[in-house]
Number of protein chains: 2
Amino acid sequence: MNIHDIAKLSGYSAATVSRVINCRKYVSDDAKLAVQKVIKEYDYVPNDVARDLSKGKTHNIGVVMPHTKHPYYTGIINGIMDAAFPAGYRIVLLPSMYNADIEMNYLNRLRRKAYDAIIFTSHGVSLDDLVNYQAYGSIVCCHDPGNYKISAAYTERIASYLAAFKWAKKQSVHDVAIFLSRDFTLSATSQLTRKAFIEVFGHIPTNDLLRTGVVTYEEGYKSARSLYENKKYPDMIFANGDDIAAGARQFYLDNNLPIPLLIGQENQLSGQLLRLPTIDHNFHEIGKLAFELALENKTRQVSVESKFILRDQKSCPDN
Amino acid sequence: MNIHDIAKLSGYSAATVSRVINCRKYVSDDAKLAVQKVIKEYDYVPNDVARDLSKGKTHNIGVVMPHTKHPYYTGIINGIMDAAFPAGYRIVLLPSMYNADIEMNYLNRLRRKAYDAIIFTSHGVSLDDLVNYQAYGSIVCCHDPGNYKISAAYTERIASYLAAFKWAKKQSVHDVAIFLSRDFTLSATSQLTRKAFIEVFGHIPTNDLLRTGVVTYEEGYKSARSLYENKKYPDMIFANGDDIAAGARQFYLDNNLPIPLLIGQENQLSGQLLRLPTIDHNFHEIGKLAFELALENKTRQVSVESKFILRDQKSCPDN
DNA sequence: TTAGTTTCTGAAACGCGTTTCAGGTCAAGT
DNA sequence: ACTTGACCTGAAACGCGTTTCAGAAACTAA
């Protein structure tokens, strides 16, 4: 049962049926009633894929993300979704595990018109590749793209990193451990962390106090243990997430060791529970902005400031 | 640039080009080389939407979920994704806010062939509706469907509820508060909670110790406050999630009140941090199973047992 | 050598809705 | 009476890849 069948049954043409379905002008009342009757009688609904093909639009936005356990991504996703839903767009989850081949595959799906746009919450392929593939559809990334001509919604992090480190310095810490999800060389965010650290402390982060590939609570725990096993006793840990900091804290607790000063990130529930200082990167807002950029047809960058948050020891949920 | 253009340019027909692209048999080496040369020269890629239309399959699975903040849903989503990715399927996020109209809209998209299948992590429309719409595509729900003929992947919760309440009874609690996300009348899960409660404690849950619509940490906090303001002092709280229990705990802490015995659910990080007893409902596994069911063309139900978890006070992340 | 089987190939139909364009009607304006 | 413009309609083209089917060529087996 397709639009041509309805046309025949109603005695009108497919064009007229299409007009009725889409509430277009230039349809007589007679035609409208006749077509609607047949549509109802045969319980017809048009085929979305055919419509998409015809219109050249799918209303699907692909969202590439390295993994799904990380609240960084779920935060952005939520932001995208809250913006996409009222606009009538759906989001398609595209897990990448930072694998460039998989990401290329997604970029090619963009060429193949499977998505109207792609948002990279993070990416393993080069920015050059992203820039080139813009010829085939809208692409948005979620970090500062520097001079690359590509749309981006990202957090301006440097001020909050500086604030966090300055605060830490005021607490007179000496040996700062850093737990990152990706290496300085791989990630612009990690580079920023490094830069802020150097600016405040006057020297580069100590390598044997650095742990990378740390994303979860468990990994925070293990990284703390690894420091201890290597006889490293930092008096502060700067972690890539509150959960990570919470994991580290638990290691020291479990072993009756003094807990270093902890700074988390992402303003997660764990940080709230433990009253950790944290940095809120406004991911929800980033997601919203990224979606808006995805629908525009010129490249543009927008950023929001992230915020260093110190909590007092008493708590009360916002309300 | 479409398949017909390539056909003309290579001197072969569209059928042959299609065969080359899809690595079909019955193509001569000459033809293959000629076509591949033109494809490479013009950097041609086929249009996915046209292919989907032609094949009648999109490789998209719609996943309906009431909201996205809740770890119940993110857990299932992760499970679905881990299974869907290797199978070459993508998942499309369909937020519903329990709104039946919106859900109907998604069901109609299934009719319109926008998705190969839909998984309802939860639903506001009736089971009758779900059963009826199976005529238009595979539908899976994530709770026990009783006698309804529909595929389902769900958690068998009753044993763990009983275990939790029995354990609680052994701690000789008297006044049990219950924090649920949905009312007894609305949710089968809530009904189960009620049933187990009655079986163990011999009476129905006290209404003025019941709070519904509780999902987050903040709401847990507020619900505890609401109890207190109503001069209710439960000696135990059975919460619908660890985060909720953590929120309640914080209220008592903040006000220097004795903390009731707490039982959470979902085995969330907050519960791990606070060493709360919890119930793990195996959502990741449910997601995986739901995806498998979505691809089958007969209805089938599978379930996994949930587990009541008591923790000792010392912790060590699994590894 | 004959019958039978593979291998190639392409025209045309198919999946299905949208849009353009030409042709026609009818009422308002001059 | 004549132009103008708004309204209505449908054939055909378009978006684009897949599949069927028939015909031809080439090879195998008897």
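Chain identifiers are assigned alphabetically (A, B, ...) following the order of the sequence lines, protein sequences preceding nucleic acid strands; residue numbering begins at 1 within each chain.
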Enquirer: Once you round it to whole Å, what is the distance between C1' of C:dC8 and CG of B:Leu33?
Expert: 15 Å
Enquirer: Taking the minimum atom-to-atom distance to the side chain of A:Ser13, which one of D:dG17, C:dT18, D:dA11 wins?
Expert: D:dA11
Enquirer: Looking at B:Thr121, B:Asn282, B:Leu289, which hits side-chain contact (heavy atoms from CB on, under 4.5 Å) with B:Ile76?
Expert: B:Thr121
Enquirer: Over how many whole Å does the gap from A:Asp30 atom CG to D:dC7 atom C1' extend?
Expert: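 So the two atoms are 14 Å apart, to the nearest Å.
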Enquirer: Closest-nucleotide mapping onto DNA chain C: is B:Lys113 or B:Val27 further toward the 5' terminus? I mean the 5' end.
Expert: B:Val27
Enquirer: Look at all strands and tell whether A:Asp52 reaches a base, only sugar-phosphate, or nothing, counting heavy atoms closer than 4.0 Å.
Expert: nothing
Enquirer: Would you classify A:Arg112 as touching base, sugar-phosphate or nothing, given that sugar-phosphate means primed atoms plus P, OP1 and OP2, and contacts are heavy atoms under 4.0 Å?
Expert: nothing
Enquirer: For a quick test of reading the model: is some side-chain N or O of A:Lys25 closer than 4.0 Å to OP1 or OP2 of D:dC7?
Expert: yes
Enquirer: Let me spell it out: for each of B:Thr16 and B:Leu53, pick the nucleotide of DNA chain D with the closest heavy atom. Which residue's pick is nearer the 5' end?
Expert: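 Mapping each residue to its closest nucleotide by heavy atoms, the 5'-most match is B:Leu53.
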Enquirer: Less than 4.5 Å apart, any side-chain heavy atom of B:His143 and any of B:Phe120?
Expert: no
Enquirer: List the residues meeting salt bridge (Lys or Arg N to Asp or Glu O under 4.0 Å) with A:Glu296, not counting sequence neighbours, and say none if there are none.
Expert: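 In terms of salt bridge (Lys or Arg N to Asp or Glu O under 4.0 Å), with neighbours along the sequence ignored, A:Glu296 is linked to A:Arg300.
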Enquirer: Between atom CD1 in A:Ile6 and atom C1' in C:dT18, what is the gap in whole Å?
Expert: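 Interatomic distance, CD1 of A:Ile6 to C1' of C:dT18: 16 Å.
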Enquirer: Just the rounded figure in Å: distance from C1' of C:dG15 to CG of A:Asp48.
Expert: 14 Å
Enquirer: Counting just side-chain N and O atoms, does A:Arg51 come under 4.0 Å of either OP1 or OP2 of C:dT18?
Expert: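 For A:Arg51, the contact criterion (side-chain N or O under 4.0 Å from OP1 or OP2 of C:dT18) is met.
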Enquirer: Distance to the ring centre below 6.0 angstrom and angle to the axis at most 45 degrees; does that hold for B:Arg182 and B:Tyr98?
Expert: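 Verdict for B:Tyr98: a cation-pi partner in B:Arg182.
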Enquirer: Less than 4.0 angstrom between a side-chain N/O of A:Arg19 and OP1 or OP2 of C:dT18, yes or no?
Expert: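 No, outside the criterion.
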Enquirer: Choosing from D:dT9, D:dG17, C:dG10, which nucleotide comes nearest the side chain of B:Tyr12?
Expert: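 Minimum distance to the B:Tyr12 side chain belongs to C:dG10.
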Enquirer: Looking only at the side chain of B:Tyr44 (C-beta and beyond, no hydrogens), which of the listed nucleotides D:dG17, C:dT9, C:dG17 gets closest?
Expert: D:dG17
Enquirer: Verify the contact: side-chain N or O of B:Asn22 to OP1 or OP2 of D:dT18, cut-off strictly under 4.0 Å; return yes or no.
Expert: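 So the side-chain polar atoms of B:Asn22 do come within 4.0 Å of the phosphate oxygens OP1 or OP2 of D:dT18, strictly under.
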Enquirer: So B:Val17, base contact, sugar-phosphate only, or nothing? Heavy-atom distance under 4.0 Å.
Expert: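 No contact.
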Enquirer: Please state whether the phosphate of D:dG15, meaning OP1 or OP2, lies under 4.0 angstrom from any side-chain nitrogen or oxygen of A:Ser54.
Expert: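 Indeed not, no polar side-chain atom of A:Ser54 lies that close.
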Enquirer: Just how far, in rounded Å, is C1' of C:dT19 from NZ of A:Lys57?
Expert: 17 Å
Enquirer: Identify whether any heavy atom of B:Val49 sits under 4.0 Å from a base atom; if not, whether one sits that close to sugar-phosphate; answer base, sugar-phosphate or nothing.
Expert: nothing
Enquirer: How would you label the contact of B:Ala31 with the nucleic acid (heavy atoms, under 4.0 Å): base, sugar-phosphate, or nothing?
Expert: sugar-phosphate
Enquirer: Considering just the side-chain nitrogens and oxygens of A:Ser18, establish if one lies under 4.0 Å of OP1 or OP2 belonging to C:dG17.
Expert: no
Enquirer: Tell me the interatomic distance from B:His4, atom NE2, to C:dG10, atom P, rounded to whole angstroms.
Expert: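 For the pair B:His4 NE2 and C:dG10 P, the rounded distance is 14 Å.
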Enquirer: Angle class for the A:Tyr89/A:His59 ring planes (parallel below 30°, perpendicular above 60°, tilted otherwise)?
Expert: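 Because their plane-to-plane angle lies in the 30° to 60° range, the rings of A:Tyr89 and A:His59 count as tilted.
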Enquirer: Side-chain N or O of A:Ser28 versus OP1/OP2 of D:dT9: is the shortest distance under 4.0 Å?
Expert: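 Result: yes.
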Enquirer: Would you kindly give the CG-to-C1' distance between A:Asn2 and C:dA13, to the nearest whole Å?
Expert: 13 Å
Enquirer: Do you know the tightest heavy-atom contact between B:His281 and B:Ser306?
Expert: ND1-CB, 3.2 Å
Enquirer: Between D:dC14 atom P and B:Met1 atom CE, what is the distance in whole Å?
Expert: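 So the CE-P distance, B:Met1 to D:dC14, works out to 16 Å.
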Enquirer: Apply the test side chain to side chain contact (heavy atoms under 4.5 Å, CB included) to residues A:Ser18 and A:Ile3: give CA-CA distance (whole Å), side-chain angles for both, the deciding distance (0.1 Å), then the verdict.
Expert: CA-CA 7 Å; A:Ser18 178; A:Ile3 202 169; 3.9 Å; yes
Enquirer: Can you find a side chain N or O atom of B:Tyr26 that sits less than 4.0 Å from OP1 or OP2 on C:dG10?
Expert: no
Enquirer: Counting side-chain heavy atoms from CB outward, which of D:dT19, D:dC16, C:dT19 is closest to B:Asn47?
Expert: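 Among the listed nucleotides, the one closest to the side chain of B:Asn47 is D:dC16.
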Enquirer: Tell me whether the side-chain N/O atoms of B:Arg24 come closer than 4.0 Å to OP1 or OP2 in D:dT19.
Expert: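 For D:dT19, OP1/OP2 do have a side-chain N/O of B:Arg24 under 4.0 Å.
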